[in-house]
Every structure is written in C-alpha cells, then in structure tokens.
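Beneath this line is the structure, given in structure tokens, with notes to follow.
Naming: A, B, ... by sequence-line order, numbering from 1 per chain.
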There are 2 protein chains.
Amino acid sequence: MKNSIKVERAKKNITQADLAKLAKVSRQTINAMELGKYVPSTVLALRLAQIFEVEISEIFTLEDSDWV
Amino acid sequence: MKNSIKVERAKKNITQADLAKLAKVSRQTINAMELGKYVPSTVLALRLAQIFEVEISEIFTLEDSDWV
DNA sequence: TCTAAATGTATAATAAATATTACAATTAGA
DNA sequence: TCTAATTGTAATATTTATTATACATTTAGA
C-alpha cells in the first residue's frame, strides 16, 4: 500500500511532529507510515483523512502486492 | 468506529464466508469486524471498499470516541 | 418440523501496529 | 558555518489484529 502523507503534510506545511499531535499518535508512527514501514489502522487512516480534509483513497492506495 | 459491512454485504447478497474469501481474510475476521470487535487495517478497509465499489468513508465512519 | 446454511462465540497462538526512549543524520536559517 | 529543527533509525515493550479450530445458536427453506 502506498500513501501520500508526506505530500499532504507538505501542502499543509506541517512537520511530522505536528501531524502526530493532530492525529494523536507518536511521531515515530507518522514517520514509519510515511516510509511505508507499516500499515495504519483504519481509525488512524480516517483521522488523517479528516485532518487533511480529503478522502482516504486520496491518501492511501492499494498495490497489486496487497492482494497476495 | 462504525461500519456498514453487513449492509454492503446484504446489497451484494453474499455471506460472511463469501466476503472473507473475496477479501482474503478469515470468516472470523469479517464476523468480528461486523460486530465492531476490532478495527481492520487500512489494507483490509481498502480491499472491502474495492469489493463493494464504494469509498471507504461510505463503509467506515469515525465516532467521537475514536478521538480520545 | 428437519436440516443445512449462516452466524455468533470462545480460546489460544501468531503477526503486526503503536508507544517510548534515545540517538544519529540531515536540512534550513541566522 | 553553527545551531536548532526536522527527519530517520533502533530496540524494546505493549496492545491489537488476524488466524485457526471448534462448537453453539439462529435462520431459512424443503
């Protein structure tokens, strides 16, 4: 799964730490997500979509490998 | 977090077992999700949205308690 | 009503998400 | 260039998602 958190963050011009606070998770969680190190829960994905005011599908997109 | 998986499933007229197979998870995962027993990963949410051909936000919605 | 299918439930095991702390590397601005 | 802010990384611990197996309950159809 890909995500465009870094881009959305750039649009809003906020740091990982800022976003972590807004989303109520640790900064490492944001960092690891941006680096594709793990897949967030749907609750966190919904929170991010709400923060960035976009649809989840604009931030997170499935790849073929996600169906294996 | 609420979800309308049961409703979407009813629209498509498929069983939990059918959906489990389509989404490539166990039936228990589908059942537990429908009963609100846990929150799926974003990959699973995206798969379900793709299966039901709707936006994730049509299936999963945040509640106030998800921000605590 | 009988039966099969569908759904709910329980337990235990494993994998994965998330927090915490801490430090290294990079970047931007004075 | 120095310094502070930002980002990347690592290890460990804890919580939570997911599987597997198995059985009980409910529902729908013959």
Problem set entry | Whole-Å distance separating the CG atom of L44(A) from the C1' atom of dA19(C) | 13 Å

Exercise. Would you say dG8(C) has OP1 or OP2 under 4.0 Å from some side-chain N or O of K6(B)?
Worked result: yes

Exercise. For N31(B) and dT7(C), is the shortest distance between a side-chain N/O and OP1 or OP2 below 4.0 Å?
Worked result: no

For this session: Could you check how far NZ of K21(A) sits from C1' of dA19(C), rounded to whole Å?
Result: 16 Å

Seminar exercise, completed: Assign each of P40(A) and Q16(B) the nucleotide of DNA chain C bearing its closest heavy atom; nearer the 5' end lies the nucleotide of Q16(B)

Exercise. Does a donor on one side chain sit under 3.5 Å from an acceptor on the other, for E55(B) and S57(A)?
Worked result: yes

For this session: Specify the separation, in whole Å, of atom CG of N13(B) and atom P of dA28(D).
Result: 12 Å

Exercise. Where the side chain of V39(A) is defined as all heavy atoms beyond and including C-beta, which of dT20(C), dT6(D), dA17(C) is the nearest nucleotide?
Worked result: dA17(C)

For this session: Establish, with yes or no, whether the OP1 or OP2 oxygen of dT7(D) is under 4.0 angstrom from a side-chain nitrogen or oxygen of R9(A).
Result: yes

Seminar exercise, completed: R27(B) atom CZ is separated from dC23(D) atom C1', nearest whole Å, by 11 Å

Exercise. Under 3.5 Å, is there an N or O donor on one side and an acceptor on the other linking the side chain of Q28(A) and the base of dT18(C)?
Worked result: no

For this session: Respond yes when some side-chain nitrogen or oxygen of T29(A) is under 4.0 Å from OP1 or OP2 of dA19(C), and no when none is.
Result: yes

Problem set entry | Hydrophobic cluster identity match, Y38(B) and L46(B), side-chain contacts under 4.5 Å | yes

Exercise. Side-chain N or O of S41(A) less than 4.0 angstrom from OP1 or OP2 on dT18(C)?
Worked result: yes

Exercise. Under 4.0 Å between a side-chain N/O of K37(A) and OP1 or OP2 of dT18(C), yes or no?
Worked result: no

Exercise. Within this structure, what is the CE-to-P distance between M1(A) and dA16(C), rounded to whole angstrom?
Worked result: 14 Å

For this session: Quickly work out the D66(B) CG to dT18(C) C1' distance and round it to whole Å.
Result: 16 Å

Exercise. I5(A) CD1 to dT6(D) P: how many Å, rounded?
Worked result: 18 Å

Exercise. Taking 4.0 angstrom as the limit, do E53(B) and K12(B) come out as a salt bridge?
Worked result: yes

For this session: Could you check how far NZ of K24(B) sits from P of dA20(D), rounded to whole Å?
Result: 14 Å

For this session: Mark yes or no for whether R9(B), through its side chain, and I14(B), through its backbone, hold a donor-acceptor pair below 3.5 Å.
Result: yes

For this session: Dump the intermediate steps for side-chain contact (heavy atoms from CB on, under 4.5 Å) on I56(B) and L48(B), then the final yes or no.
Result: CA-CA 8 Å; I56(B) 289 194; L48(B) 293 171; over 6 Å; no

